[in-house]
Protein chains: 2
Amino acid sequence: MVARQTEIKPSVADDEFSFSPCPIRNVLDRIGDQWSLLVLEALEPQTLRFNALRRSIGDVSQHMLARTLKRLEQDGFVSRTLYPVIPPRVDYALTPLGRSLMVPLRDLMTWADRNHDAVCAARRAYRHTAS
Amino acid sequence: MVARQTEIKPSVADDEFSFSPCPIRNVLDRIGDQWSLLVLEALEPQTLRFNALRRSIGDVSQHMLARTLKRLEQDGFVSRTLYPVIPPRVDYALTPLGRSLMVPLRDLMTWADRNHDAVCAARRAYRHTAS
DNA sequence: CCGTATCCCAGAGGATACTG
DNA sequence: CAGTATCCTCTGGGATACGG
């Protein structure tokens, strides 16, 4: 998206989508935001209900958790199961697609863990040189 | 960051940093934006100058390319070499750290390529069900 | 309990103009 | 050539309030 939409786009109702022809963008636009990755991680070991998920992540607003879940569902990474009981109960779980995404994601997170210190060091070094 | 900064933060001058205690955030906040990944990809096979990089990527504004490069440099993923000639010449290249980051990133991009269709299909399916 | 609606702010990102 | 400065817009994301 982004790239020169320029013209009419008659007020798409939020849950509209914006296909990028570029596969990488389609994935990274989802992963890159603040919460998607945290949600996927929380759901990997177990199915969770909305509020359990919320507590598990910690400081996410319900507003953003709802949005994030909806988009993850749209993209087929997460499944949503509604039980028609009172009070309502909704289970979220990873789909096979979501589970397969976790594989490369795990590697990336492992890299981040291992190289976190190097990145911090680089940032400090930068402050010296570029006084 | 984000998490309840709440208080005073005396106008940090753009190139200031915001250490997240979470390694994943530090990496994803860099990777997740619009251009960082494209820049890293463009620099993987070869060192490039500013405008060559810009053409290579295509539609990035020079404003954002400059910002992106500065941050990638701060984090130690990209090196910047200035040759004091006229007109000025600046070379950008991947550092070893940046190169090592490309490994898990490649896997992620490969996944994205292979599963792009599945994601698009999921999005279309969603529109049906949730008419 | 599980959300949606509303309001608001900060930052991403484009366009254009200017400098060494 | 390689940026910086300025202005603008649009979306991410928090807070709060409301509805089923």
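Below, read A as the first sequence line, B as the second, and so on, with proteins coming before strands; counting in each chain starts at 1.
For B:R71, a side-chain nitrogen or oxygen approaches OP1 or OP2 of C:dA12 to under 4.0 Å. Proximity of A:R89 to the phosphate of C:dG3: no side-chain N or O atom is located under 4.0 Å from OP1 or OP2. Here B:K70 does not reach the OP1 or OP2 of D:dG3: none of its side-chain N or O atoms lies under 4.0 Å away. Look at B:Q34 and you'll find a side-chain N or O under 4.0 angstrom from OP1 or OP2 of C:dG13. The phosphate of D:dC1 has neither OP1 nor OP2 within less than 4.0 Å of any side-chain N or O from B:R49. Neither OP1 nor OP2 of C:dC1 sits under 4.0 Å from any side-chain N or O of A:Y92. Not one side-chain nitrogen or oxygen of B:R67 sits closer than 4.0 Å to the OP1 or OP2 atom of C:dG13.
The main-chain N or O of A:V103 is never found under 3.5 Å from a side-chain atom of B:W111 such that the two would form a donor-acceptor pair. A side-chain donor-acceptor contact under 3.5 Å links B:R54 to the backbone of B:V60. No donor-acceptor pair closer than 3.5 Å links the side chain of B:S36 to the backbone N or O of B:D33. Remark: side-chain polar atoms of A:R25 are paired, donor with acceptor, to backbone N or O of B:Q34 under 3.5 angstrom.
Among the nucleotides D:dC1, D:dG20, D:dG14, the one closest to the side chain of A:P88 is D:dG20. Picking from D:dC1, C:dA17, D:dG13 the nucleotide with the shortest atom distance to the side chain of A:H63 gives D:dG13. Closest to the side chain of B:M64, out of C:dG13, C:dG3, D:dG13, is C:dG13.
Protein atom CG of B:L69 is 13 Å distant from nucleotide atom P of C:dG13, rounded to whole Å. In this entry the distance linking CD of B:Q62 with P of D:dT6 reads 15 Å, nearest Å. Distance B:L65 CG to C:dT16 P: 18 Å, rounded to the nearest Å. Rounded to whole angstrom, the span from the CG atom of B:D33 across to the C1' atom of C:dG14 amounts to 15 Å. Atom CG of A:N51 is separated from atom C1' of C:dC2 by 7 Å (rounded to the nearest Å). When rounded to the nearest whole Å, the span between CG of B:D91 and P of D:dG3 equals 11 Å. Distance CZ (B:F50) to C1' (D:dC1): 10 Å, rounded to an integer number of Å. For A:D29 and C:dA12, the CG to C1' distance is 12 Å, given to the nearest whole Å.
Looking at heavy-atom distances under 4.0 Å, A:R54 makes no contact with the nucleic acid at all. A:Y83 comes within 4.0 angstrom of no nucleic acid atom, judged by non-hydrogen atoms across all strands.
Using a 4.5 Å heavy-atom threshold, the side chains of A:L65 and A:F50 count as touching. Contact of the A:V119 side chain with the A:R123 side chain is registered, since non-hydrogen atoms from C-beta on lie closer than 4.5 Å. No side-chain heavy atom of B:L94 sits less than 4.5 Å from a side-chain heavy atom of B:F77.
Salt bridge A:E44/A:R106: present, at least one basic N to carboxylate O contact under 4.0 Å.
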Reading DNA chain D 5' to 3', how would its secondary structure be written in dot-bracket notation, given Watson-Crick and G-U pairs with both distances under 3.5 Å, brackets [ ] for crossing pairs and | for partners on other strands? ||||||||||||||||||.|
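Annotation: of the two residues near DNA chain C, A:R55 and A:A66, the 5′-most nearest-nucleotide partner is A:R55.
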